[in-house]
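Below is one structure, written out as structure tokens; the observations come after it.
Note that this is a predicted model, so its numbers are computed, not measured. Reminder, nothing fancy here: chain letters follow the sequence lines and each chain counts from 1.
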Amino acid sequence: MLEGITKISEVEWEVPVGYVPGMRVPGRFFLSEDLSETLEGGAVQQLANVATLPGVVRYSLAMPDIHSGYGFPIGGVAAFEEDTGVVSPGGVGYDINCGVRLITTPLTIADIKNPRALIEELFRTVPTGVGAESTMRLSEADLDDLMADGVDWAIDHGFGMAADAEHCEEKGQMQQADPAAVSKKARQRGRPQAGTLGSGNHFLEVQAVDAIFDPEAAKAFGLEAGQICCMIHCGSRGLGHQVCTDHLRVLESATRKYGIEIPDRQLACAPVHSPEGEAYFGAMAAAANYAWVNRQVITHQVRTVFARLFGIAYEEMPLVYDVAHNVAKREEHDVDGKRQTLCVHRKGATRAFGPGLTEVPQAYRSIGQPVIIPGSMGSSSYVLRGTATAMARTFGSTCHGAGRVMSRTKAKHATPGREIREELLKQGIIVRATSDASIAEEAPDAYKESDKVVDVVRRAGLSLPVVRLHPVGVIKG
DNA sequence: ATGTGC
């Protein structure tokens, strides 16, 4: 492990105040010895840099999928006081409300007689790839409504069932969304893209439940051994990207205006209640709602394909849950025995609220919030449950996935995509992508093993495994 | 992640 870092437990490490100048609180990250070789010094420096920001509460935190990102590390969690704290686009990332959801089916693996045909049909139906455009024709007014209402907009327009909203984090709608803070350029990019998958690590995967770790929780979540499920991983496409770009520019000058000293210009930020901070937050919330609509419309498409191919009812494919991986939210937390409203940034981290909280849907309240951890291409995904430990230690947060260990560029030259596709097929996993080059960038060995990441959060008690899902086939941009 | 990059 790096010099100057203190071991707290087998899976927790402290970055002390003074590791970089100006730290207001220590950093804490969760990692096992066997993952320590994946740790980048630059990511730890970023974790420490975040601890210098005004109003940061208790710790700058990172999960075991930590790696370096724009300003804040990916895998990072940071909470700020409402009155003295800041909001920062670097703490959310470019892909606002990149997230993942899981839908179940009444089918088992034996019912999928022709997996290739299923994957091809999904690939034909769900627009996929860089610059992919939707078959929906949205007016400017539609886009405004969609950004204000999130998942409810999609349900009201025939892309889902009433129960879907209840099973999304935040009910699939951030109330503070301010569509007026979303630029014309962001709207132009977003309008044709609602209901598209995108590219990179985004995917739509058909999976089978292949291990159950917690039968009671699995039952509550509606998951059974051998069951076929669909996982959708995507974000806010060009709209969220443009919102981040636009507001970064504004916040760079706001940082100077408010006299905030930052060790890295990528930490551009503004006070939570400044006009600039509120404008970013409102636009970010609008982009988050757009991302929820995106996943909801794709859900509708997936249900339609399954209903047609297998003769099952649309209603037989309920949404287990939908989580955000990149978002800032106002949340109430206990801090040193006091109830406080905080601006919690999660960037490549998942909310993992424990049992008993009203934010957790009624059907899951005694269990804890479902946490969905997508695997990298060809590897297992997990469903976990949130815990009281996460509430006490990480502002109710856990890891978000495997975490990259190889750059896209490096991965592109490491192994040809065709080879990866053929190797996965030998393992019985179908990969359908827009190009072999995009498969190469997402090579399984470009990521940490998700099993090891999940094992760290389990040992730390931040979330507990419920089921594991094995890929049957995947479509990718 | 992204109408992909110096």
- request: Rounded to the nearest angstrom, tell me the gap between atom OH in A/Y70 and atom P in B/dT4.
  value: 18 Å
- prompt: Should the ring pair A/F72 and A/H345 be called parallel, tilted or perpendicular, given that the plane angle runs from 0 to 90° and is split at 30 and 60?
  reply: parallel
message: Just to be sure I understand the rule, does A/Q193 reach a base, reach only the sugar-phosphate, or reach nothing, if contact means heavy atoms closer than 4.0 Å?
response: sugar-phosphate
message: Going by ring pair (Phe, Tyr, Trp, His ring centres under 6.0 Å), name the residues that satisfy it together with A/H67, two or more places apart in sequence or in a different chain.
response: none
task: Can you tell me the distance, in whole Å, between the CD atom of A/E442 and the C1' atom of B/dT2?
output: 13 Å
statement: Those residues at least two apart in sequence (or on a different chain) that pass ring pair (Phe, Tyr, Trp, His ring centres under 6.0 Å) with A/F281 are none
field: For atom CG of A/D95 and atom C1' of B/dT2, their distance in whole Å
entry: 8 Å
- prompt: Sequence neighbours excluded, which residues qualify as ring pair (Phe, Tyr, Trp, His ring centres under 6.0 Å) partners of A/F30?
  reply: none
message: Can you measure A/K185 atom NZ to B/dT2 atom P for me and round it to whole angstrom units?
response: 16 Å
field: A/Y447: ring pair (Phe, Tyr, Trp, His ring centres under 6.0 Å) partners, not counting sequence neighbours
entry: none
task: Mind checking A/G238 for me? I need base, sugar-phosphate or nothing, with any heavy atom below 4.0 Å counting as a touch.
output: sugar-phosphate
Interatomic distance where NE2 belongs to A/H247 and P belongs to B/dT2 [whole Å]: 19 Å
statement: In numerical order, the residues of residues 397-420 of chain A whose heavy atoms come under 4.0 Å of DNA chain B are A/R408, A/K412
query: How long is the line joining OH of A/Y94 and C1' of B/dT4, in whole Å?
result: 12 Å
With sequence neighbours excluded, residues passing salt bridge (Lys or Arg N to Asp or Glu O under 4.0 Å) with A/R330: A/E82
- prompt: Counting only side-chain N and O atoms of A/S199, is one of them less than 4.0 Å from OP1 or OP2 of B/dT2?
  reply: yes
field: Between P of B/dT2 and CD of A/E441, the distance in whole Å
entry: 11 Å
message: Looking at every heavy atom in both A/A414 and A/M406, which two are closest together, and how far apart are they?
response: CB-SD, 4.2 Å
query: In whole Å, what is the span from the CG atom of A/L248 to the C1' atom of B/dT2?
result: 13 Å
